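By convention in this document, chain letters (A, B, ...) are assigned in the order of the sequence lines, proteins followed by strands, and residues within each chain are numbered from 1. Here the structure is a predicted model, which means the values were calculated and not measured.
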Amino acid sequence: MEEIRKKWLKKWEEAKVFEAIPDSNKKKFFGTLPYPYVNSYLHLGHFYSSMRLEAFSRYKRMKGFNVLYAQGWHCTGSPIVNAAKRIAENEPIQVGILKKQGFSDDEIKKFADPKAWVEYFPPQAQADFTDMGYSIDWRRQFITTDLNPHYDKFIKWQFNKLKEKNYVVKGKFPVVWDPIENTPVGDHARLEGEGETPQEFILVKHKLDDKFLISATLRQDTILGITNLYVHPEIVYSIIETKGEKWILSEHTANNLKFQDYDVKKIGTIKGDELIGKKVEVVDGRKVLILPATFLNETFGTGLVHSVPSDSADDLIALYDLQKDEETCKKYGIDIEELKGVKPIGVLNTEGYGDIPAKKMLEKYNVKHQNERGKLDKIKKELYKLSYYNASFNHLYKDFFDKNIEGVKVEDGKEYIKEELMKMGWIDIYYQLTGKVVARSLGECLVKIVDNQWFLAYGDEDWTNKARECLDGMKLFPDKTRSQFNYVLGWLHNWACTRELGLGTKLPWDESWLIESLSDSTIYMAFYTINYKLKNIDSKKLDDAFFNYILLSEGDGNNLQLDKEIADELKEEFEYWYPMDFRTTGKDLIQNHMSFCIFNHVAIFPKKHWPKSFGLNGHVMVNGEKMSKSKGNFIIMRDALKNYGADASRFTALSGGEGIDDANFDTEMAKSIDIKLNQWIEFATQNYNKGRDEKKSIDEWMESQINLIGTDMTNFMEETLFRSALQKGYFDMQRALKWYMRRTNNNPNKDVMNKFIETQTIILAPFTPFICEEIWEKLGKDGFISITDWPEFEKPKESDLKSQVLEDTLKNTLEDISSVLKLAKIKKPSKIKIFISANWKYDFYSKLNEELKNSRNVGELIRIFSTDEKYRENIKEISTIIQKTVKSGKSIDKILSQDDELNNMQESIDFLVNIFNAEVEIMVAEKSDENKAKQARPGKVAILVE
RNA sequence: GCGGAAUUGCCGGAGUGGUCAAACGGAGCAGACUCAAAAUCUGUUGGCUUAGUGUCUACGCAGGUUCGAACCCUGCAUUCCGCACCA
């Protein structure tokens, strides 16, 4: 096998079979796969997705398309830079990863430079694809980032274009920040806190003389229910000056604010107990008490909170506890009677919980004291969801804001309240991490607001509408992903498209920024059409005017920095290949990359160059389990090649799944397929051009099988349903072959056998190209099977169905005989009598015909075996059969004559004799012979054993 | 919570209104071949059965529509994926 593989790789390369050259006489097919990120070897996940494109490309090529299949490599982003940095620091985990991949210590050292990754992995990935027999035009491969100056220019052009159309906007954005290294910290660069993100809190001001106490909350919806404040008596709070005001909050928060667009000047401190007992003015003008609480955490929120006992069980239980605690009240000089007068203020009507849901919750969970943290945390979560989705604002919200929002759901009014309070100056925004994040510098991270961040305005209404238009015109494989796409197109809003760190292209108008990886990979497929011809052109000559001319036909091409002739050639090639006909990848990319691809195409290109179709596939499992490094079932492509061979791996991958469901790579199957493919080489070469010339009915059956199966398979190929295609085109084909060989006593008709061998080999070629090329050559065929025409399968004819029905009847008869023999416990029967009904009712068919003409405009019938009287009466049942027949697309235009039937039957009977080694007699039951005729039924024959 | 997908026999997985006790594959069982194993082939894999084109129970659960539901509708339960600035 390995020799065969190498032989054909060499031949393909020498003949440049897969180099795509524009040919205006041929229809074209341009398929792409999102370029893989090159920080490691390619694995089965890449393999499965890419095989779908590879098989489709090969199929399309055989269908007569001029196919462009190109592949690039993605280097943009931070993972490589981060990994390189970790190697430079000799970090054990990262070093271990490379060690596991088989690198020596010396080699690993080189990976301290990000460039080393970019130089090492793309050729490896190329080798993996090539070794597996991918039909890629490698002249067109490229890497991203400014390491590739031509691509760099292309991306710059793209972003200038987007900016020109006002799709790139500037704004603020919170990032996780390491204050020691002064860098943003991505998920993978953290020692602790993977998955934690910045969360927006509302800072609420509470007026105390000339200062404000600042509390933080997620629940601005309950702001009118504030009954008091809690401060920790032992915490020393900071007094700061910011925004022209004096704020009191924890020192921790004061420090964090500095990173969030606040100009912070510390002017003093105040200990919590100095505040207790005083009163502050809250947002609605009421004066409320400041109370002591020891449950407060200095590093969470602002270190002090406002209390809404109606909708916060924590606040309520704390209030209850304090009201019982006379000693503490005395200590801080709180008027106990006044404190006891503090009652929750209902602000929301919560379905099933009334207006003081916190109280009901405490009762429900039987909470007696604020120390019962477990229960209280549970309540907090439950109540938050409940309020958000099931509660509405009560009468207090009728007049308080400009708009009356009484009765409005919290979900719908929360944002409005935020805006209003913001206008009134009572609140501000503060970001806090959802959990502790420690950077690799050991610095504890905080949230920084980046204020000159650039965004792609995917929320733009016109842009979104255009994207929807594009989607509506696209074919999706499978189409059930459409609703998901539709949802995503509407849901996407501003996408931060620039980064401070990593590899990439610099933002053309602000070179301190790099273009982010998901944003530089949206329309690059256009680059495949021209890049291989750019290699000899100085990248400096590739200005925006150049791309405008080539890709958008803007300008006359006379003032470019290169010859118009060259430019025109490029332009022509782009226009030949574009639009992209097919792009396929895993389903997880629906909500970012694939949607971005639509957005950016409609933003930049005219409608005729919008993408035509997308394919989405599931994830890959190995032997039914999720592939993961920890489970030890993580398979990289080159290992699959080594262990199972290219053809078997390809076959196994594609027969492992289709559609959006997860696919399963079954290693047992890979092994057995390898054996079966070898057997097929053997069979094909040994049986070609052999056999008899005489043509029998079974030969017609075989021909019709080839036709029927081939038709079905071709339909599956068109829909990228490769598993079904293999099911038909290989397993069903082989099953038919088995039956055929058995029926002909291994003496097939020469022409039929040749046709079968050729067909089977050709239709397997997209899946297992190496052995197919080899067989093709051994059969004495000229040229490559890779570019041989896909067979034209004829529409099923009368004869197809006739022989089909006959063979099916025969198979059924065989089965019946077996079961009768079994029941009768006879091993070697001396005689088998078969009764077959002869009274085909022509009046029955005429009724059928009539029914057909009435119901549908179809003039053809399927063949029905019948003797049963009830069919003549029961028109309803007949119409059912017709319905099904029409739906299944099967048709037959004539009814067999009974003589045909019997002649063909005789041949079958001979076969039965052979099988059972007994005397077989065919008997025709006359109408008068009721007992026997009764036993013959549609599609069946009666059997009598002696 | 939102959005998407799913739930079928021992397992994987077809099937989207009647030919469904349900394709195909795997696994198991029995048999053939063999000294034996592998491979291959044949049969078989819901219950009952007077053995019949019989009958009952079945396609997550509960209802509904229909002459008829694995398939359509409603509700519920469970599982998976995504919820972003990360490739």
Side-chain angles (χ1 to χ4, degrees), chain A residues 34-39 74-80 173-176 184 186-189 194-195 197-198 381 384-386 388-390 411 450 453-456 458 478 480-488 490-499 502 516-519 521 586-593 595-596 618-619 621 623-624 626 655-662 664 666 668-669 672 675-676 679 723-724 726-728 731-732 735 738 742 814-815 818-823 827 862 864 868 870 876-877 879-881 883-885 887-888 915 934-940 942:
Chain A
Y35 36 33
Y37 188 70
V38 286
N39 60 345
H74 205 192
C75 311
T76 312
S78 53
I80 286 177
F173 190 73
V175 296
V176 181
D187 242 4
H188 302 290
E194 201 172 314
T197 54
K381 266 192 178 165
Y384 184 88
K385 271 186 191 170
L386 201 66
Y388 191 71
Y389 296 104
N390 293 321
E411 185 180 2
V450 178
Q453 173 74 47
W454 293 92
F455 295 91
L456 288 169
Y458 292 139
K480 67 176 156 191
T481 53
R482 190 173 297 279
S483 50
Q484 176 87 346
F485 266 110
N486 257 316
Y487 174 77
V488 171
W491 164 76
L492 281 169
H493 50 271
N494 280 353
W495 179 267
C497 63
T498 52
R499 291 288 174 280
E516 172 266 346
S517 62
L518 283 169
S519 302
S521 57
K587 60 183 168 185
D588 46 327
L589 294 192
I590 291 177
Q591 53 234 311
N592 43 51
H593 170 75
S595 290
F596 293 180
H619 301 129
M621 323 256 277
N623 298 329
K626 217 176 198 169
S655 73
E658 66 191 9
I660 203 76
D661 299 326
D662 289 348
N664 185 35
D666 185 342
E668 286 305 309
M669 181 182 196
S672 69
I675 294 164
K676 283 184 175 158
Q679 287 168 352
R723 182 175 61 180
S724 298
L726 279 173
Q727 199 66 245
K728 285 278 164 195
F731 292 106
D732 281 6
R735 212 183 351 266
K738 216 187 263 175
R742 186 174 156 192
L814 259 178
E815 279 170 24
S818 295
S819 51
V820 168
L821 289 179
K822 197 182 163 199
L823 281 169
K827 278 213 163 179
I862 193 172
I864 300 172
D868 203 325
K870 80 178 176 191
K876 199 169 165 187
E877 209 153 339
S879 34
T880 299
I881 295 167
Q883 272 176 20
K884 286 221 139 192
T885 306
K887 269 186 202 164
S888 68
I915 293 277
K934 225 165 92 186
Q935 290 188 41
R937 58 193 162 95
K940 294 267 178 176

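- Comparing the same atom, C1', in B/rC41 and in B/rG46 gives a spacing of 27 Å after rounding to whole Å.
- For A/Asn664 and B/rG13, the CG to C1' distance is 11 Å, given to the nearest whole Å.
- Atom C1' of B/rA30 sits at a distance of 44 Å from the matching atom of B/rC81, rounded to the whole Å.
- Atom CG of A/Leu726 and atom P of B/rA23 are 21 Å apart (whole Å).
- In this structure, A/Asn664 contributes its side chain and A/Gly656 its backbone to no donor-acceptor pair below 3.5 Å.
- Residue contacts shown for A/Asp666 are absent, as no nucleic acid heavy atom lies under 4.0 Å away.
- Of the residues near RNA chain B, A/Val488 and A/Ser517, the one whose nearest nucleotide (by heavy atom distance) lies more toward the 5' end is A/Val488.
- Distance noted for atom P between B/rG68 and B/rU19: 15 Å (whole Å).
- Using a 4.0 Å cut-off, some side-chain N or O of A/Arg723 falls inside it from OP1 or OP2 of B/rA14.
- Residue contacts for A/Thr76: at a heavy-atom cut-off of 4.0 Å it reaches the sugar-phosphate backbone alone, with no base atom in range.
- Distance noted for atom C1' between B/rG4 and B/rA70: 23 Å (whole Å).
- Taking atom C1' in both B/rA14 and B/rG25, the straight-line distance is 10 Å, to the nearest Å.
- With no hydrogens or angles considered, a side-chain donor-acceptor pair links A/Ser519 and A/Glu516 at under 3.5 Å.
- Taking atom CD of A/Gln679 as the reference point, atom C1' of B/rA38 lies 13 Å away to the nearest angstrom.
- Using C1' as the reference atom, B/rA77 and B/rA62 are 10 Å apart when rounded to the nearest Å.
- Summarising the geometry, the separation between CG on A/Asn39 and C1' on B/rA87 is reported as 8 Å, rounded to the nearest angstrom.
- Proximity of A/Ser483 to the phosphate of B/rA5: a side-chain N or O atom is located under 4.0 Å from OP1 or OP2.
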Please list each protein N or O that sits under 3.5 Å from an N or O in nucleotides 79-82 of chain B, with the distance.
| from | atom 1 | to | atom 2 | distance (Å) |
| --- | --- | --- | --- | --- |
| B/rC81 | OP1 | A/Lys626 | NZ | 3.1 |
| B/rG82 | O2' | A/Gln591 | OE1 | 2.3 |
| B/rG82 | O2' | A/Gln591 | NE2 | 3.1 |

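- Spacing between B/rG60 and B/rA6 at atom C1', rounded to whole Å, works out to 11 Å.
- When the side-chain nitrogen and oxygen atoms of A/Ser655 are compared with OP1 and OP2 of B/rG25, none of them lie within a distance under 4.0 Å.
- Here the side chains of A/Pro198 and A/Val176 are in contact, with some heavy-atom distance below 4.5 Å.
- Using a 4.0 Å heavy-atom criterion, one finds that A/Leu518 contacts the bases of the nucleic acid, with or without backbone contacts as well.
- Using a 4.5 Å heavy-atom cutoff, the side chains of A/Ser521 and A/Thr76 are not in contact.
- Between the NZ atom of A/Lys728 and the C1' atom of B/rG15 there is a distance of 13 Å, given to the nearest Å.
- Taking atom CD on A/Gln727 and atom C1' on B/rG26, their separation rounds to 12 Å, with Å as the unit.
- Between the A/Glu658 side chain and the A/Ser724 main chain, a donor and an acceptor come within less than 3.5 Å of each other.
- At whole-Å resolution of the value, CG in A/Asn486 and P in B/rC83 are 20 Å apart.
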Go ahead and write out RNA chain B as dot-bracket, 5' to 3': ( ) for pairs within the strand, [ ] for ones crossing earlier pairs, | when the partner sits on another strand, dots for unpaired; Watson-Crick or G-U wobble, both distances under 3.5 Å. ((((((((.[[[..)..(.....]]]((((((.......))))))(((.....)))...[[[[[..)....]]]]])))))))....
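- Contacts of A/Ser724 with the nucleic acid, taken as non-hydrogen atoms under 4.0 Å apart, are absent.
- Proximity of A/Leu456 to A/Phe596: side-chain heavy atoms (C-beta onward) are nowhere separated by under 4.5 Å.
- Using C1' as the reference atom, B/rG63 and B/rC86 are 45 Å apart when rounded to the nearest Å.
- Between A/Tyr35 and A/His74, the ring planes lie parallel to each other; the angle is under 30°, not in the 30° to 60° tilted range.
- With hydrogens and angles disregarded, no donor-acceptor distance shorter than 3.5 Å links the side chain of A/Thr498 to the backbone of A/Gln453.
- Side-chain atoms of A/Ser655 and A/Gln727 include no donor-acceptor pair closer than 3.5 Å.
- As rounded to whole Å, 14 Å separates atom P of B/rA23 from atom CG of A/Asp732.
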Could you go step by step and tell me if A/Leu518 and A/Trp495 meet the side-chain contact (heavy atoms from CB on, under 4.5 Å) rule? CA-CA 10 Å; A/Leu518 283 169; A/Trp495 179 267; 3.5 Å; yes
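- Within 4.0 Å (heavy atoms only), A/Phe455 reaches no atom of the nucleic acid at all.
- For the pair A/Val488/A/Phe485, no side-chain contact is recorded, criterion being any heavy-atom separation below 4.5 Å from C-beta on.
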